[in-house]
Structures are given as structure tokens and as C-alpha cells.
Trainee: 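Next up is a structure, given as C-alpha cells.
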Amino acid sequence: MSNLRVGLTGGIGSGKSTVARLLADRGAFVVDADAIAREVVSPGSDGLAALVDHFGVRILNADGSLNRQELAGIVFADPDERAQLDAITHPRIAGLTHERYKLAAPGQIIVHDVPLLVELGLASGYDHVVVVDCPDEIRVQRLVERGLTAADARSRIAAQATREQRLAVADTVLDNSTTADDLVVQVDALWEQLTSGIRHES
């Protein structure tokens, strides 16, 4: 029995992580893209060794872990260096992601939690794309409550895809601009839709 692959995305502060947790509670097998991206460059990994080979030991902290701030300063200032970073990390991320997919039970719905799904052009790789949507001002407010300044929150939002770009690839849109209870109702409806699709196919 094949696994339905669902791509889950949403801008920073939209509530995407909350939706991922709600879907996991309902039986989905959630694969976290951010966690995998960290894992492929963890201390002792061949990914980190490849980064050090190219960028040098200046990208390491004293304990041997990756200094993300140092690396970000290098790659954001130089498109060629950014391309090198992508060439090192993207194949490793893709490989580990597919290994994780294999851990799902037969017929279990796989939810791939991907913040940059739209930016990386990944939408066509899923059976169903879910976008968690929320007006930018509410997202700014939530990020400020997490400790960011309003200016920093807006700059992070501006660095990602626009709401319009995300909505253009969505099969399902979850509106997270009201209450937590309302979001749960929407997730329940989505889960019913996804599981009905599987029952229909099997």
C-alpha cells in the first residue's frame, strides 16, 4: 500500500509547526525538513566535513559544531558560495529525507514539514500541498511575542515567499488567523479528506 505524501508549508509565524504536531497526533508520519538540514551537518557528519573542506575551520565553533552565523555571513554575501553550500547540503538532505520516508508504515500518511517548499520549487513532488496561511501583521505580532523586534520579524517575512506565492501551490489552505480551536476544526477536516482519499484508492 503506497503512502500519500503531503507537503506542509507556511511562512514564519504562521503556525505550521502547530499543524504538523496536530497531524502527528492524528497518525501522520511527520518528517521535519529543518531537523534533517541540521542533522546532515551535525558534528562528525560527512556533510560538516565537506563544508569545512570548502569554507575552512572558521565556520566551526570551539566545540566542533557548525557556526551557522559565520557560515550565513559568508554565503549571503556571495551567490557563488551560496551555490557551493547548496551543492554540499541539498543532496544529503534529499537522501536522508527519502530514508526517513521509508520508515513510515504501509499506508501511513507522510507529512513533510518544509518551510521553504515554495522557495525551493518542491510543490510538484507531493500528492497534496497544505499551506498554513495567516496575515503578515498577525505573524509579526507572534514573532514579537517570541522575542524578535518588529523590524526583524518583517525582514524575515520579506525574505521568504509571499502569501500569494504559497497560496498559488496550495491544494488545501488552513487559515490560522483566528483561534486555536478553529485551527483544530480545520485540521480535522483536512485529516478526514486525506484519509478518505486513501480509503478510496485502496
Side-chain angles (χ1 to χ4, degrees), residues 2-25 27-106 108-127 129-130 132 143 146-148 152 155-157 159-161 166 169:
S2 63
N3 300 85
L4 191 76
R5 288 188 187 177
V6 177
L8 171 66
T9 196
I12 185 171
S14 65
K16 176 185 57 61
S17 299
T18 300
V19 171
R21 189 171 64 250
L22 290 170
L23 290 169
D25 289 344
F29 183 84
V30 176
V31 178
D32 183 335
D34 278 349
I36 286 176
R38 289 191 295 272
E39 192 171 336
V40 299
V41 293
S42 60
S45 66
D46 76 315
L48 183 58
L51 289 180
V52 172
D53 280 346
H54 179 76
F55 293 103
V57 294
R58 60 180 169 157
I59 64 164
L60 294 179
N61 291 310
D63 64 359
S65 63
L66 178 63
N67 184 327
R68 295 177 181 280
Q69 205 165 358
E70 180 71 26
L71 180 60
I74 297 167
V75 301
F76 285 122
D78 186 334
D80 291 337
E81 294 286 45
R82 179 61 187 259
Q84 285 293 330
L85 171 65
D86 290 347
I88 291 167
T89 58
H90 285 184
R92 289 173 170 82
I93 290 169
L96 187 53
T97 298
H98 286 286
E99 287 303 311
R100 291 290 151 82
Y101 284 171
K102 293 176 187 175
L103 299 177
Q108 188 176 17
I109 294 171
I110 297 171
V111 173
H112 192 195
D113 177 351
V114 193
L116 301 181
L117 183 150
V118 173
E119 291 86 341
L120 297 175
L122 302 176
S124 62
Y126 303 100
D127 301 304
V129 174
V130 177
V132 185
L143 293 170
R146 290 187 204 169
L148 273 65
D152 193 14
S155 70
R156 292 195 187 197
I157 288 171
Q160 294 185 331
R166 281 196 201 87
V169 305

Trainee: Could you tell me if the side chain of Arg68 sits less than 4.5 Å from the side chain of Val41, heavy atoms only?
Mentor: yes

Trainee: In the structure I gave you, are the side-chain heavy atoms of Leu103 and Val31 within less than 4.5 Å of one another anywhere?
Mentor: no

Trainee: If you round to the nearest 0.5 Å, how far is OG1 of Thr89 from CG of Leu48?
Mentor: 12.0 Å

Trainee: Test your reading of the model: is there a side-chain donor-acceptor pair from Arg166 to the backbone of Val118, 3.5 Å cut-off?
Mentor: no

Trainee: Keeping the roles fixed (side chain from Ser42, backbone from Ser45), state whether a donor-acceptor pair exists under 3.5 Å.
Mentor: no

Trainee: So, are Arg38 and Asp34 salt-bridged, with charged N and O less than 4.0 Å apart?
Mentor: no

Trainee: Check whether Asn67 reaches the backbone of Asn61 with its side chain - one donor and one acceptor, N or O, closer than 3.5 Å.
Mentor: no

Trainee: Say whether, by atom type as modelled, one donor and one acceptor occur between the side chain of Gln84 and the main chain of His54 under 3.5 angstrom.
Mentor: no

Trainee: Hey, could you give me the NE2/CD1 distance between His112 and Ile36, rounded to the nearest 0.5 Å?
Mentor: 5.5 Å

Trainee: Given Leu8 and Val30, is the side chain to side chain contact (heavy atoms under 4.5 Å, CB included) satisfied, shown in steps?
Mentor: CA-CA 10 Å; Leu8 171 66; Val30 176; over 6 Å; no

Trainee: If you measure from the Lys or Arg side-chain nitrogens to the Asp or Glu carboxylate oxygens, is any gap between Asp25 and Arg21 under 4.0 Å?
Mentor: no

Trainee: Check for a donor-acceptor pair, side chain of Asp113 on one end and backbone N or O of Ala33 on the other, with a separation under 3.5 Å.
Mentor: no

Trainee: To the nearest 0.5 Å, tell me how far Leu85 CG sits from Asp80 CG.
Mentor: 12.5 Å

Trainee: Rounded to the nearest 0.5 Å, what separates atom CG in Leu51 from atom CD1 in Ile88?
Mentor: 4.5 Å

Trainee: Which distance, rounded to the nearest 0.5 Å, do you find between the CG of Asp53 and the CG of Asp46?
Mentor: 10.5 Å

Trainee: Can you list the steps and then say if Phe55 with Glu81 is a side chain to side chain contact (heavy atoms under 4.5 Å, CB included)?
Mentor: CA-CA 9 Å; Phe55 293 103; Glu81 294 286 45; 3.7 Å; yes

Trainee: Give, for atom CZ of Arg82 and atom CG of Leu71, the distance between the pair rounded to the nearest 0.5 Å.
Mentor: 9.0 Å

Trainee: State, yes or no, whether a side-chain contact exists between Val169 and Thr9 at a heavy-atom distance under 4.5 Å.
Mentor: no

Trainee: Mind listing the closest non-hydrogen atom pair of Ser155 and Asp152 along with its distance?
Mentor: OG-O, 2.8 Å

Trainee: Would the distance check show the side chain of Glu70 and the main-chain N or O of Leu60 forming a donor-acceptor pair, the cut-off being under 3.5 Å?
Mentor: no

Trainee: When you compare the side chain of Tyr126 with that of Leu117, does any pair of heavy atoms fall below 4.5 Å?
Mentor: yes

Trainee: Tell me if a side-chain donor or acceptor on Asp63 pairs with a main-chain N or O of Ser65 at a distance below 3.5 Å.
Mentor: yes

Trainee: Closest approach of Ala87 and Pro91, non-hydrogen atoms and distance?
Mentor: O-CD, 3.2 Å

Trainee: Minimum heavy-atom separation for Ala77 and Gly73, please, with both atom names.
Mentor: CB-O, 3.6 Å

